[in-house]
*Asks:* 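Please find one structure pasted underneath; my questions will follow.
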Amino acid sequence: YTGRSTSSTNTMAKQEKAQQAKDAFVTEITARSQDFSQWYLDVVRKAELADYSPVKGCMVIRPYGYAIWELIQKALDARIKATGHVNAYFPLFIPNSLLTKEAEHVEGFAPQVAYVTHGGGEELEEKLVVRPTSEAIIGTMYAKWIQGWRDLPILINQWANVVRWEKVTRPFLRTTEFLWQEGHTAHETEAEAEDETLEILHLYKDVLETEMAVPVVEGRKSESEKFAGALRTYSIEALMGDGRALQAGTSHNLGQNFAKAFDITFQARDRSVQHVWGTSWGMTTRLVGAAIMVHGDDSGLVLPPRIAPYQVVIVPIGRDNWRDTVLPRALEIQRELAGAGIRVTLDERDERPGWKFSEWEMRGVPLRVEIGPKDIEKSAVLVARRDTREKHSVPMEGLPSRLLQLLDDVQTSLFARATQFRDEHTHRTSDYAEFKQIMEGRPGFVIAPWCGSAECEAQIKAETQATIRNMPMSGSTPSGKCIRCDNPARYEAWFAKAY
RNA sequence: CGGGAUGUAGCGCAGCCUGGUUAGCGCACCUGACUGGGGGUCAGGGGGUCGCCGGUUCGAAUCCGGCCAUCCCGACCA
């Protein structure tokens, strides 16, 4: 932000001045096209979504950012409950010995774990792990709670914070501490666990697409990318505005791995004693980052109405005594809209209208209602859309239903726009030279045949920085050779450079 | 964790190289007035242990060391 003109002369034409002020503002947020990463950080800070704390990698989620998270949470929680799950809460601390019970699990998480070694002024006999995820503690409890097949399934979710000591952090996308929900279920059969894993995956996709207007690809993770200790991991993957992919949710079929490590057994219908089949799945505050990076533009945040803390902002406009003439009418409209179930705020601060317009645009409010003397005369208001920036006069009569309809339109068109962008940035090739060429820069997804070997996967990553995001279940089985080697292709894999 | 950069008021910066009154500027903020349909004008005002700790010096924002945090580029992850 370079600041406005320091000149106090009145010689500058009014228009010129306005333009200069506009330019000055525009520089307040780095242009998205110019530096996506800096743009993202600017939006997070200027829209007051989050702020840095004194602890490395730990952010403060500010009220506006938290409100977005709460709306995502609410939508997700409702779906989790509607599918028969219940919420509970497990402890933050896990005895180190429990984490180490599942070999792959501990190997995967050990480097990222924070420990508590002292308490009450004394060194602890056994250090405590600050949970990076809760399989260990929940598995331990399930072992106590499950005796016979009638105790199954157990379908528990928890909303919690977890800590992973990340080397590189970014607000929302990767923080040392983050908020999430983690579901942990136990089942009688392998098939049931697999059904559960996929049901949740579909549920996650629905939340992203319906609530957040973010299109995602559902698929299975490769061995190297799967969750530490899982049998199979599935994910939903979204494409950000800079052409990089973001894992937006994961669902794991744990098989009997954790059941065996934690002795979670039950007596089956045939009287035999068996280990349960487990799943775990989670989505995190990272989703807020996804919403920013998928929909945002040069002016800042663009929020899909369903996760917008304010869906409509009313900006009163007027002369001299506007507080007496315009404000009462604006308050009336606010009440009317709130009564129709619209999340609405009225900006009655003593600022100039243009200033307010820009501010609320930066904060991504989907619709702005302007009301001034001219509108009152016509018994109408001006409605401006954040996504298209169109501005129309709309009669006050029937305003709530008209706005509800517009909010739907915005939600739909944001999804359509994001889907189009994703599709335009999804390529398909079976030629490695072409693959490498496409992967220069930030192209989005590249669909390519893969033999399934970890070696090819690692080589491709080393040579192009691209990783296998997942292998969609809907993908056809390819007939030719692997993109990199001469072995027959077994999977259709979606590659991308990822966050 | 390696390579690079940065840290001075809420934000953006100057000052540092060459140590020396009371640390400066723009925006933002506060008070008042005029204004008000895309970031307005005038007048007056408040706000800073110069990231933290230590060293050198008569004297440190400035020189030296350590630490912390942030950003960018790589290796690891939601």
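Letters A, B, ... mirror the listed sequences (proteins, then strands); counts begin at 1.
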*Asks:* Expressed in angstrom and rounded to an integer, what is the separation of E166(A) atom CD from rC77(B) atom P?
*Replies:*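 Result: 9 Å.
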*Asks:* rG40(B) C1' sits how many Å from I317(A) CD1, rounded?
*Replies:* 15 Å
*Asks:* Please report the distance separating the C1' of rC29(B) from the corresponding atom of rG38(B), rounded so that it comes out in whole Å.
*Replies:*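 About 23 Å, rounded to a whole number of Å.
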*Asks:* Verify whether the ring centers belonging to W355(A) and F357(A) lie closer than 6.0 Å.
*Replies:* no
*Asks:* What about K391(A), does its side chain sit under 3.5 Å from the base of rG38(B) through a donor-acceptor pair?
*Replies:* yes
*Asks:* Just the rounded figure in Å: distance from C1' of rG36(B) to CG of D375(A).
*Replies:*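 Atom-to-atom, D375(A) to rG36(B), this comes out as 14 Å.
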*Asks:* Tell me the partner of rA43(B), counting only Watson-Crick (N1-N3 plus N6-O4 or O6-N4) or G-U wobble (N1-O2 and O6-N3) with both under 3.5 Å; none if nothing fits.
*Replies:*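 Answer to the pairing question: rU31(B), which forms a Watson-Crick or G-U pair with rA43(B).
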*Asks:* Using a heavy-atom cut-off of 4.0 Å across all strands, would you classify T175(A) as base, sugar-phosphate, or nothing?
*Replies:*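 Base, at least one base heavy atom under 4.0 Å.
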*Asks:* How far, in whole Å, is rC50(B) from rA33(B) if one measures between their P atoms?
*Replies:* 39 Å
*Asks:* Heavy-atom nearest nucleotide on RNA chain B for L382(A) versus R174(A): which residue maps closer to 5'?
*Replies:* L382(A)
*Asks:* Using the ring centroid of each side chain, check whether F495(A) and F435(A) are separated by less than 6.0 Å.
*Replies:*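 Yes, the ring of F495(A) comes within the 6.0 Å limit of the ring of F435(A), centre to centre.
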*Asks:* Can you find a heavy atom in the side chain of W281(A) that is under 4.5 Å from one in the side chain of Y204(A)?
*Replies:*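 Counting from C-beta outward, W281(A) and Y204(A) do come under 4.5 Å.
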*Asks:* K356(A) near the nucleic acid: base, sugar-phosphate alone, or nothing, with a heavy-atom cut-off under 4.0 Å?
*Replies:* nothing
*Asks:* Any strand is fair game: report the nucleotide pairing with rG74(B) by Watson-Crick or G-U wobble, both distances under 3.5 Å, or none.
*Replies:* rC1(B)
*Asks:* Measure from the side-chain heavy atoms of D350(A) and tell me the nearest of rG37(B), rG36(B), rG38(B).
*Replies:*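 Of rG37(B), rG36(B), rG38(B), rG36(B) is nearest to the side chain of D350(A).
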*Asks:* Answer with base, sugar-phosphate or nothing: what part of the nucleic acid does Q112(A) contact at a heavy-atom distance below 4.0 Å?
*Replies:* sugar-phosphate
*Asks:* When the ring centroid of H105(A) is compared with that of F227(A), is the distance short of 6.0 Å?
*Replies:*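 Ring-ring flag for H105(A)/F227(A): true, centres closer than 6.0 Å.
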*Asks:* With sequence neighbours excluded, tell me which residues meet side-chain contact (heavy atoms from CB on, under 4.5 Å) with A228(A).
*Replies:* F109(A)
*Asks:* The side chain of R45(A) is closest to which nucleotide in this list: rC77(B), rG38(B), rC11(B)?
*Replies:*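 Given the options rC77(B), rG38(B), rC11(B), the side chain of R45(A) is closest to rC11(B).
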*Asks:* Please figure out whether A498(A) or N321(A) has its closest RNA chain B nucleotide nearer the 5' end.
*Replies:*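 Nearest nucleotide further toward 5': that of N321(A).
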*Asks:* rA14(B) and rC25(B): how far apart are their P atoms, nearest whole angstrom?
*Replies:* 16 Å
*Asks:* Taking pairing as Watson-Crick or G-U wobble with both contacts under 3.5 Å, can you name the mate of rA61(B), or confirm there isn't one?
*Replies:*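 Answer to the pairing question: none, since rA61(B) forms no Watson-Crick or G-U pair.
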*Asks:* Applying a 4.0 Å non-hydrogen cut-off, can you work out what W322(A) is touching in the nucleic acid: base, sugar-phosphate, or nothing?
*Replies:* base
*Asks:* Over how many whole Å does the gap from E237(A) atom CD to rC77(B) atom P extend?
*Replies:* 14 Å
*Asks:* In this structure, how many angstroms lie between the C1' atom of rC77(B) and the CZ atom of F178(A), rounded?
*Replies:*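 Taking atom C1' of rC77(B) as the reference, CZ of F178(A) is at 9 Å.
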*Asks:* Taking the minimum atom-to-atom distance to the side chain of P353(A), which one of rG37(B), rG38(B), rC77(B) wins?
*Replies:* rG37(B)
*Asks:* Is S53(A) reaching over with its side chain to a backbone N or O of V55(A), donor-acceptor style, under 3.5 angstrom?
*Replies:*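 Yes, S53(A) side chain to V55(A) backbone: donor-acceptor pair under 3.5 Å.
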*Asks:* Return the pairing partner of rA23(B) with a 3.5 Å limit on both distances, Watson-Crick or G-U wobble; otherwise return none.
*Replies:* none
*Asks:* Check whether any side-chain nitrogen or oxygen of R164(A) sits under 4.0 Å from OP1 or OP2 of rC76(B), and answer yes or no.
*Replies:* no
*Asks:* Taking atom types as they are modelled, would you say the side chain of E361(A) forms a donor-acceptor pair with the base of rG38(B) within the 3.5 Å cutoff?
*Replies:* yes
*Asks:* Taking atom P in both rG19(B) and rU62(B), compute the distance separating them and give it to the nearest angstrom.
*Replies:* 12 Å
*Asks:* Taking rG4(B) as the reference, what is the distance to rC77(B) when you measure between their P atoms (whole Å, please)?
*Replies:*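 Nearest-Å result for rC77(B) against rG4(B) at atom P: 25 Å.
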*Asks:* D298(A) CG to rG38(B) C1': how many Å, rounded?
*Replies:* 17 Å
*Asks:* Without decimals, in angstroms, what is the distance between D51(A) CG and rC11(B) C1'?
*Replies:*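 Interatomic distance, CG of D51(A) to C1' of rC11(B): 12 Å.
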*Asks:* How far does the P atom of rC72(B) sit from the matching atom of rC17(B), given to the nearest Å?
*Replies:*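 Roughly 30 Å separates the two P atoms.
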*Asks:* Between rC76(B) atom C1' and F109(A) atom CZ, what is the distance in whole Å?
*Replies:* 13 Å
*Asks:* Nucleotides 67-75 of chain B: which of its N/O atoms have a protein N/O under 3.5 Å away?
*Replies:*
{"residue": "rU70(B)", "atom": "OP1", "partner": "G57(A)", "partner atom": "N", "Å": "2.9"}
{"residue": "rC71(B)", "atom": "OP1", "partner": "Y52(A)", "partner atom": "OH", "Å": "3.0"}
{"residue": "rC72(B)", "atom": "OP1", "partner": "S37(A)", "partner atom": "OG", "Å": "2.2"}
{"residue": "rC72(B)", "atom": "OP1", "partner": "R170(A)", "partner atom": "NH1", "Å": "3.2"}
{"residue": "rG74(B)", "atom": "OP1", "partner": "Q465(A)", "partner atom": "NE2", "Å": "3.3"}

*Asks:* Which heavy atom of N470(A) sits nearest to which heavy atom of V217(A), and what is that distance?
*Replies:* ND2-O, 3.2 Å
*Asks:* Between W39(A) and R32(A), is there a cation-pi geometry (under 6.0 Å to ring centre, at most 45° from the normal)?
*Replies:*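 Judged by the rule, R32(A) and W39(A) form a cation-pi pair.
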*Asks:* Is rC16(B) paired to anything, Watson-Crick or G-U wobble with both distances less than 3.5 Å, and if yes, which nucleotide?
*Replies:* none
*Asks:* So what does T284(A) touch, heavy atoms closer than 4.0 Å: a base, only the sugar-phosphate, or nothing?
*Replies:*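 Base contact - T284(A) has a heavy atom under 4.0 Å of at least one base atom.
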*Asks:* Counting side-chain heavy atoms from CB outward, which of rG38(B), rC29(B), rC11(B) is closest to E351(A)?
*Replies:* rC29(B)
*Asks:* Do other residues, nucleotides or ligands put more than 12 heavy atoms under 6.0 Å from E107(A) CD?
*Replies:* no
*Asks:* Taking pairing as Watson-Crick or G-U wobble with both contacts under 3.5 Å, can you name the mate of rU6(B), or confirm there isn't one?
*Replies:* rA69(B)
*Asks:* With a 3.5 angstrom cut-off on both distances, give the Watson-Crick or G-U wobble partner of rG38(B), or none if there isn't one.
*Replies:*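 The answer is none; no pair meets the criterion.
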*Asks:* Considering only the P atoms, how many Å lie between rC76(B) and rC13(B), rounded to the nearest integer?
*Replies:* 33 Å
*Asks:* Could you check K374(A) against E377(A) for salt bridge (Lys or Arg N to Asp or Glu O under 4.0 Å), going step by step and ending with a plain yes or no?
*Replies:* CA-CA 5 Å; K374(A) 290 184 222 162; E377(A) 213 171 288; over 6 Å; no
*Asks:* Taking atom P in both rC34(B) and rG46(B), compute the distance separating them and give it to the nearest angstrom.
*Replies:*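 After rounding to an integer number of Å, I get 24 Å for this pair.
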